[in-house]
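To start, the structure under review is shown below, and the notes come after it.
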Amino acid sequence: MKGHIRLDRESGTLVLLDQRMLPVSEEYFYCRDTRDLIYAIQEMVVRGAPAVGVAAAFGCVLAARETAADFSALREGADDLDALLDALASARPTAVNLSGAVARMRKVRQDNDPESFSELIALWEAESERIYREDEAVNRRIGAFGAELLAPGDVVLTHCNAGALATAGFGTALGVIYTAREQGKDIRVIADETRPLLQGARLTAYELHRNGVPVVLACDNACALLMRKGMVQKVVTGADRIAANGDTANKIGTYGAALLAEAHGIPFYVASPLSSVDMQTPTGDDIPIEERPESEITYFGSRRISPEGVGAYNFAFDVTPARLISGIITEKGVLRAPYEQSLAGAFTDSRAPI
Ligand code: MRU
C-alpha cells in the first residue's frame, strides 16, 4: 500500500488513493489546492487519523503554493494562508492528528521565520516528508510492542480500518497483526464490517487479504455471539483521539466491542501513535464527535433503505472509557492504567524519538 498519499512536486498536486472506490477499483484523486484536499478529507477519499494528518501536512504545502500565486511577499499573504490552514485543520473534528499536523507545520514556520514563500515551501516540503516517514517508523514500533501481546493461534477482532491505508504505511492495529505474523505466529483476523461506510469490509479485508493474512468478515452485531462462542481471543483497534485520562475515541461501534470484550473476559487493546494522544483534552467527554449526513445510513449505495421522512443518528465515532482498555500500544511501549500517569510519562520519556 505504498504511495497511497504522495506529494507530486512536478505537477504540484497531492495524489491520494481514492479509498471510496476500494476494493472494487484502485483510482487516484488529485488535489490541486487546499479546497480539493478539504473535500477529499470530508468525503473520505483519505481517512484514518494518521493518514489524514499526513495528508494535511502535505496540504500545508499546497496552501503555501496557492497563496504564493496571489501575493508576492509572504508578509502580505499571511492572513490568507492562515485562513486556509484554519479551514484545513477543522475539515473533520475528531481525529487530533489533523489539527496536530497543521499545528506542527505552523510551528516550523514560527521557529524558522522564513521571509519568502519559496523558503516557506522548502521548509514545509521537508517537514511534511518527515511527518510521513515518522508515521511509518512509529507504526513499525507499535507493531513490535503489540505483537508481544498476541499468542500463536489467536483470533483478533478489529473494528474499522487501522491499517496501512489509515496511516502513512503499515498500520497501527493491523501493524500489530502484520508483525506477529512476520514473527511466525499464526494469527487470524475477524474484521467487523463497520457500518455505515464499511471500512472493515472494504478496506481492512482488502489489505489483510492482499497481504496474505487470513481474514473473515462479520457484521458488527455478531460481536457478542462470536465472543460467547470463544471465537475471539483479543480485540485490537486504532484510535482517533486519546484524551489525557486514556478515554479513546474511535469509529462508532468500538465502545460496544470494548464492553462486550469486558463481559467475556477478552483483552481489549488500542494501538495508537502518540500523535493521536491529546493531552489538552482532559476526558472523553471533551472529545468532539463528528456527525455525518443521515444519507450514509438511510441509503445503501444509491438505494434508499428506510422510509422517506425517517431520520437517522450518524455519529461517526464513540468513546471507549479508559477502564475498558487493557493497554494502549504506542511507539514508546504498551501503556497501562492509570493512563493519566502512563500517557504523561510517555511524553516525557527521554528515549530518543523516532
Ligand atoms: O472515519 P474514519 O474511517 O476516518 O475512521 C477511522 C478510524 O476510526 C480508525 O480506527 C482510526 O482513525 C485509527 S487509524 C490508524
Side-chain angles (χ1 to χ4, degrees), residues 1 4-5 16-20 22 40-56 91-101 134-136 138-143 146 156-178 191-208 220 235-242 248-258 268-278 287-293 296-297 314-320 325 328-331:
M1 220 70 58
H4 69 287
I5 307 171
L16 301 171
L17 176 63
D18 191 338
Q19 298 194 28
R20 298 170 302 177
L22 293 174
I41 291 172
Q42 290 175 340
E43 293 298 313
M44 296 168 69
V45 170
V46 60
R47 35 68 48 205
V52 166
V54 168
R92 287 185 79 191
T94 304
V96 74
N97 302 64
L98 173 56
S99 54
E134 272 175 20
D135 187 61
E136 184 166 348
V138 157
N139 289 340
R140 299 228 170 235
R141 289 183 62 133
I142 290 171
V156 177
L157 182 133
T158 191
H159 192 73
C160 195
N161 172 262
L165 287 164
T167 61
F170 201 58
T172 57
L174 299 194
V176 168
I177 289 155
Y178 292 135
D192 279 350
E193 63 174 350
T194 317
R195 280 278 291 153
L197 296 182
L198 305 174
Q199 289 92 331
R202 295 188 304 104
L203 309 176
T204 294
Y206 166 79
E207 66 165 272
L208 288 176
D220 300 336
V235 180
V236 186
T237 73
D240 281 85
R241 188 188 302 220
I242 300 177
T248 296
N250 192 52
K251 180 52 57 194
I252 189 82
T254 306
Y255 176 29
F268 176 93
Y269 294 107
V270 170
S272 170
L274 291 174
S275 58
S276 301
V277 176
D278 181 5
I287 300 177
I289 300 295
E290 178 182 7
E291 289 185 60
R292 296 188 57 85
E296 289 178 354
I297 299 203
N314 190 9
F315 294 98
F317 301 95
D318 59 24
V319 175
T320 299
I325 300 172
I328 301 177
I329 310 162
T330 73
E331 66 269 33

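Remember, it's 1-based here, ligands and their atoms both numbered in the order they're listed.
For Ser275, the side-chain hydrogen bond (donor to acceptor under 3.5 Å, both in side chains) partners two or more places apart in sequence, or in a different chain, are Asn97. A search for ring pair (Phe, Tyr, Trp, His ring centres under 6.0 Å) contacts involving Phe170 returns Tyr178, not counting sequence neighbours. Taking Asp318 as the reference, nothing meets the salt bridge (Lys or Arg N to Asp or Glu O under 4.0 Å) condition, with sequence neighbours excluded.
Considering every non-hydrogen atom in both Val270 and Gly238, the closest pair reads CG1-O, 3.9 Å.
Between the side chains of Arg202 and Asn161, no donor-acceptor pair is found at a separation under 3.5 Å.
Of the charged side-chain nitrogens involved, at least one lies within less than 4.0 Å of a carboxylate oxygen, so that Arg241 and Asp278 count as a salt-bridged pair.
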Check: every ligand 1 N/O to protein N/O pair under 3.5 Å:
residue  : atom   : partner : partner atom : Å
ligand 1 : 1 (O)  : Arg92   : NH2          : 2.9
ligand 1 : 1 (O)  : Lys251  : NZ           : 2.7
ligand 1 : 3 (O)  : Arg47   : NE           : 2.8
ligand 1 : 3 (O)  : Arg47   : NH2          : 3.3
ligand 1 : 3 (O)  : Gln199  : NE2          : 2.9
ligand 1 : 4 (O)  : Gly48   : N            : 3.0
ligand 1 : 4 (O)  : Arg92   : NH1          : 2.9
ligand 1 : 8 (O)  : Asp240  : OD1          : 2.8
ligand 1 : 8 (O)  : Asn250  : OD1          : 3.1
ligand 1 : 8 (O)  : Lys251  : N            : 3.2
ligand 1 : 10 (O) : Asn250  : OD1          : 2.6
ligand 1 : 12 (O) : Ala49   : N            : 2.8
ligand 1 : 12 (O) : Asp240  : OD1          : 3.2
ligand 1 : 12 (O) : Asp240  : OD2          : 3.0

